[in-house]
Amino acid sequence: LDPEERSFQLIMEKLFLTASFIQDVDAKFGEGYGVDYHFDSLVYNMKQKEIYDKGGRPIGTMVICTDVSETYDVIRRLEIDAGLDAMTGLKNRRSIHQVIEELDASGQTPVAVIAGDLNNLKFVNDTLGHQQGDALLREVAEALLACSPPEAHMARTGGDEFLIVMPGYSRTQAYDLVSDLEQHLARSSNLPYQASV
């Protein structure tokens, strides 16, 4: 069977021949958006449209089936990307707050949190231009990624503000990470000025 025939066969077997589909037709098709059905990595949207004769009398029903799997993939990628800061690739404020809420709800302790501001970002932007300011932000993000443990959650929460959340880490370990970050930035800057937080 070619891919289209396989898809149609799947639809027939999984949708039209199941009792749950018949119930969904009655319950949801009237909403106008149809119903999405998920099968492994495939998603199909089913809609129904009444067919009328010239006199306005119903003579049948047309069911439209659309493969919306790619649309779901795009939405999933956008949801992932929506949690990232475009400049640095770190989590953004929204997604780090979600991490904090999940940790709070789970009652997991200890949790070490490090908050820091990037020094001289405004000065760099004003004197050398925003391109250099962007490079400075990326330099700090790379340092955070290089020094933080794998289970840490790192975010840029504002213009020059960064946050690291480390579940299972103590205050002493947090201070050690701050020291590592300072040393990393002091010795590895690829910029014509010193990056510091």
Side-chain angles (χ1 to χ4, degrees), residues 36-43 45 67-197:
D36 291 338
Y37 291 90
H38 300 255
F39 302 106
D40 300 321
S41 62
L42 301 174
V43 184
N45 178 269
D67 183 342
V68 293
S69 305
E70 287 184 26
T71 303
Y72 266 80
D73 284 343
V74 169
I75 290 169
R76 183 183 53 78
R77 285 194 303 273
L78 287 173
E79 286 175 346
I80 291 169
D81 291 345
L84 297 179
D85 172 59
M87 180 64 58
T88 63
L90 301 177
K91 290 182 184 332
N92 62 17
R93 179 188 297 268
R94 177 177 162 263
S95 63
I96 198 71
H97 280 284
Q98 186 175 358
V99 167
I100 292 168
E101 287 172 6
E102 289 169 3
L103 287 170
D104 186 43
S106 73
Q108 181 175 351
T109 57
V111 177
V113 178
I114 302 170
D117 291 348
L118 174 57
N119 293 323
N120 301 318
L121 179 62
K122 184 179 183 330
F123 175 77
V124 170
N125 282 334
D126 291 347
T127 58
L128 300 174
H130 285 273
Q131 215 171 16
Q132 283 296 313
D134 294 348
L136 180 57
L137 288 167
R138 286 191 291 271
E139 180 92 11
V140 171
E142 288 171 13
L144 293 178
L145 290 167
C147 295
S148 298
E151 56 275 15
H153 302 274
M154 294 148 290
R156 178 180 172 217
T157 57
D160 63 354
E161 299 166 354
F162 292 86
L163 194 68
I164 305 171
V165 178
M166 298 185 299
Y169 280 71
S170 68
R171 180 187 309 229
T172 302
Q173 290 170 306
Y175 281 124
D176 290 343
L177 177 57
V178 169
S179 177
D180 291 346
L181 284 167
E182 289 171 342
Q183 291 173 29
H184 183 91
L185 287 170
R187 69 176 177 266
S188 69
S189 180
N190 298 315
L191 304 172
Y193 43 81
Q194 184 60 56
S196 64
V197 176

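Fair warning: this is a prediction, and the values are worked out from it, not measured in the lab.
Taking the side-chain contact (heavy atoms from CB on, under 4.5 Å) definition, one finds that Tyr175 meets it with Arg171, sequence neighbours left out. Residues passing the salt bridge (Lys or Arg N to Asp or Glu O under 4.0 Å) test with Asp160: none are found, sequence neighbours excluded. Residues passing the side-chain contact (heavy atoms from CB on, under 4.5 Å) test with Thr172 are Ser170, Asp176, sequence neighbours excluded.
None of Asp85, Thr157, Leu90 except one satisfies the side chain to side chain contact (heavy atoms under 4.5 Å, CB included) rule with Phe162; the exception is Leu90. Checking Asp126, Asp134, Leu136 one by one against Leu121, the side chain to side chain contact (heavy atoms under 4.5 Å, CB included) holds for a single residue, Leu136. For the side chain to side chain contact (heavy atoms under 4.5 Å, CB included) criterion with Ser148, the lone passing option out of Ile114, Asp180, Leu177 is Leu177. Partner of Thr88 under the side chain to side chain contact (heavy atoms under 4.5 Å, CB included) criterion, chosen from Leu137, Leu144, Leu145: Leu137.
For the 3.5 Å distance criterion, the side chains of Ser106 and Glu102 fail to qualify, holding no donor opposite an acceptor.
Taking CG of Asn125 as the start and NZ of Lys122 as the end, the distance is 8.5 Å to the nearest 0.5 Å. Taken to the nearest 0.5 Å, the CE atom of Met166 stands 9.0 Å off from the CD atom of Glu151. Rounding to the nearest 0.5 Å places CD of Glu139 at 7.0 Å from CG of Leu185. In this structure, NE2 in His97 is found 13.0 Å from CG in Asp104, a value given to the nearest 0.5 Å. Remark: Asp117 CG to Glu161 CD distance equals 5.0 Å, nearest 0.5 Å. Rounding to the nearest 0.5 Å gives a distance of 12.0 Å between CG of Leu181 and OG of Ser196.
The two residues Pro149 and Tyr169 make their nearest non-hydrogen contact at CB-OH, 3.2 Å. Here the closest heavy-atom approach between residue Ala143 and residue His184 is recorded as CB-CD2, 3.4 Å. Taking all atoms of both residues into account, the shortest heavy-atom contact from Pro167 to Gln108 is CB-NE2, 3.3 Å.
Within 6.0 Å of the CD atom in Gln131, the count of heavy atoms belonging to other residues, nucleotides or ligands does not exceed 12.
Contact annotation: the side chain of Leu163 approaches that of Ile100 to within less than 4.5 Å [non-hydrogen atoms, C-beta and beyond].
Using modelled atom types, no side-chain atom of Arg93 and backbone atom of Ile96 make a donor-acceptor pair closer than 3.5 Å.
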